[in-house]
Protein chains: 2
Amino acid sequence: MKIGEVALKAGVTNRAIRHYEELNLIKSRRLSNNYREYSKEALDKVKFISRARKLGFSIDECSSLISLFDNQRRKSVEVRNIAIIKNDELKRQIHELKDLQKSLEWLIKKCPGNDKPNCPIIDELAS
Amino acid sequence: MKIGEVALKAGVTNRAIRHYEELNLIKSRRLSNNYREYSKEALDKVKFISRARKLGFSIDECSSLISLFDNQRRKSVEVRNIAIIKNDELKRQIHELKDLQKSLEWLIKKCPGNDKPNCPIIDELAS
DNA sequence: CATAAGCTATACCCTAACGTTAAGGTCAAG
DNA sequence: CTTGACCTTAACGTTAGGGTATAGCTTATG
């Protein structure tokens with residue numbers, strides 16, 4: 001199938017697919033008119049990448065996961081380790097964002113939000 | 001004062017200050033040797049930007065905030081609105097990340113993590 | 001005074017993951 | 001024959017600076 005169909009079925013853009021191909025995450029053969037032709041396996045990989053990306057994995061990590069996906073002699077602990085690292089990163093990131101959000105919320109509550117210049121948010125940033 | 005001193009006092013790099021200047025968030029005059037010379041007000045603005053960045057505001061938003069900071073006839077509601085938008089963005093982002101993290105955690109729990117190929121994480125991504 | 005260390009300048013390349021033109025080739029329908 | 005939908009490559013834009021190279025200026029030391 002051609003790129004447009006793969007993109008539609010996998011729920012990603014044509015550009016994303018070409019990008020994954022540039023980075024050697026997937027492969028295609030060419031038709032006589034130079035159009036890319038994808039196998040069902042390639043479509044599956046694009047779907048795989050799409051899901052992994054949505055779970056927060058980077059392209060680089062997707063690359064590792066695809067290697068494991070392809071490897072029938074993989075050890076599940078290897079996959080698990082990648083996931084654990086990502087999970088820890090996510091937890092840390094959530095923590096940081098929560099701190100920020102709480103600070104911001106606190107400032108917003110203190111701001112009168114009227115048509116006068118006095119503003120605790122500006123004051124805090126300028127302090 | 002020169003760029004290095006400003007950078008030290010504001011806790012940012014020289015490069016960042018030049019960057020802010022390129023984007024017209026701050027200004028400097030030049031000494032006879034072409035070195036940048038900053039006023040105390042410029043230092044205050046760099047500090048202001050640094051704090052705002054740490055609160056999650058983009059450079060673009062910092063630019064708006066600085067305009068309000070400079071404007072003695074600002075209305076606090078304008079500042080507040082920017083902060084509210086950012087706060088909502090942060091909340092949404094935290095929500096998304098939490099969902100991801102929970103999904104990942106669930107998958108990790110289901111994975112045996114041994115030396116056999118069977119892996120629920122891979123299965124989920126390939127499903 | 002000469003030299004080295006340290007600060008400053010401009011300028012270009014790099015990041016992540018594509019988005020977005022630009023300019024053009026291919027193919028089926030009307 | 002033209003239109004429109006689809007495909008191609010190439011290359012710049014995005015975010016917020018980091019890193020590096022080269023060169024000029026300043027200051028401290030021998």
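Lettering follows sequence order; numbering is per chain, from 1. Worth saying up front: this structure is predicted, and the values here are computed from it rather than measured.
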Below 3.5 Å, can you tabulate the donor-acceptor pairs from side chains in residues 9-17 of chain B to any protein atom, sequence neighbours excluded?
unit_1  : atom_1 : unit_2  : atom_2 : d
B/Lys9  : NZ     : B/Glu5  : OE2    : 2.8
B/Thr13 : OG1    : B/Ala16 : N      : 3.0

Rounded to whole angstroms, how far apart are [atom1] on [X] and [atom2] on [N]?
X       : N      : atom1 : atom2 : answer
A/His19 : D/dA11 : NE2   : P     : 17 Å
B/Glu22 : D/dG18 : CD    : C1'   : 13 Å
B/Glu37 : C/dA9  : CD    : P     : 11 Å
A/Ile17 : D/dT9  : CD1   : P     : 13 Å
B/Leu31 : C/dC7  : CG    : P     : 16 Å
A/Leu23 : C/dA17 : CG    : P     : 9 Å
B/Asn34 : D/dA23 : CG    : C1'   : 12 Å
A/Glu21 : D/dA10 : CD    : C1'   : 16 Å

When rounded to the nearest 0.5 Å, the distance separating CD1 of B/Ile94 from CD1 of A/Ile94 is 8.5 Å
Output for pair (B/Ile59 CD1, B/Cys62 SG), nearest 0.5 Å, gives 5.5 Å
TODO: For A/Ile3, answer base if it contacts any base atom (sugar-phosphate contacts may also be present), sugar-phosphate if it contacts only those atoms, and nothing otherwise; contact means non-hydrogen atoms under 4.0 Å.
DONE: sugar-phosphate
Contact class for A/Arg36 vs. all strands (heavy atom < 4.0 Å): base, sugar-phosphate, or nothing?
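Since only primed, P, OP1 and OP2 atoms lie under 4.0 Å of A/Arg36, the category is sugar-phosphate.
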With sequence neighbours excluded, residues passing salt bridge (Lys or Arg N to Asp or Glu O under 4.0 Å) with [X]:
X        : result
B/Lys102 : B/Glu105
A/Glu124 : none
A/Lys109 : none
A/Arg92  : A/Glu96

Check whether any side-chain N or O of [X] sits under 3.5 Å from a backbone N or O of [Y] as a donor-acceptor pair, and report yes or no.
X       : Y        : value
A/Glu37 : A/Met1   : yes
A/Arg53 : A/Phe57  : yes
A/Arg74 : B/Pro117 : yes

Problem - Step-by-step salt bridge (charged side-chain N to carboxylate O under 4.0 Å, His left out) determination, A/Arg18 to A/Glu21 - result: CA-CA 5 Å; A/Arg18 292 197 190 97; A/Glu21 200 168 328; over 6 Å; no
Over the length of the helix from C/dC1-D/dG30 to C/dG30-D/dC1, how much do the five-pair end axes diverge, rounded to 10 degrees?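 End axes: 30° apart.
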For A/Asp70, the side chain to side chain contact (heavy atoms under 4.5 Å, CB included) test, sequence neighbours excluded, returns A/Lys45, A/Ile66
Quiz item: Which residues pass the side chain to side chain contact (heavy atoms under 4.5 Å, CB included) test with B/Lys54, sequence neighbours left out?
Solution: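 Residues passing side chain to side chain contact (heavy atoms under 4.5 Å, CB included) with B/Lys54: B/Ser50.
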Taking D/dG17, D/dT8, D/dC7 as options, the one with an atom nearest any side-chain atom of A/Asn14 is D/dC7
Out of D/dC7, C/dC18, C/dT10, minimum distance to the side chain of A/Ala16 belongs to C/dC18
Atom pairs, N/O to N/O, protein against nucleotides 24-27 of chain D, distance under 3.5 Å?
unit_1 : atom_1 : unit_2  : atom_2 : d
D/dG24 : N2     : B/Tyr35 : OH     : 2.9
D/dT26 : OP1    : B/Asn33 : ND2    : 3.1

Might you list the N or O atoms of the protein lying below 3.5 Å from N or O atoms in nucleotides 20-23 of chain C, with each pair's distance?
unit_1 : atom_1 : unit_2  : atom_2 : d
C/dT20 : O4     : A/Arg15 : NE     : 3.1

Taking OP1 and OP2 of C/dG19, is either one under 4.0 Å from a side-chain nitrogen or oxygen of A/Thr13?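 Yes, within the criterion.
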I need the residues from residues 81-89 of chain B with at least one non-hydrogen atom less than 4.0 Å from DNA chain C; give them sorted by number, or say none.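 Nucleic-acid contacts, sorted: none.
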Legend entry - Positions of residues 52-64 of chain B (non-hydrogen atom under 4.0 Å from DNA chain C), listed by number: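 Of all residues in residues 52-64 of chain B, none places a heavy atom under 4.0 Å from DNA chain C.
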Is A/Lys75 salt-bridged to A/Glu78, cutoff N-O under 4.0 Å? no
- Near B/Arg73 CZ, under 6.0 Å, is it more than 12 heavy atoms from other residues, nucleotides or ligands? no
*B/Glu61 versus B/Ser58, side-chain donor and acceptor atoms under 3.5 Å*: yes
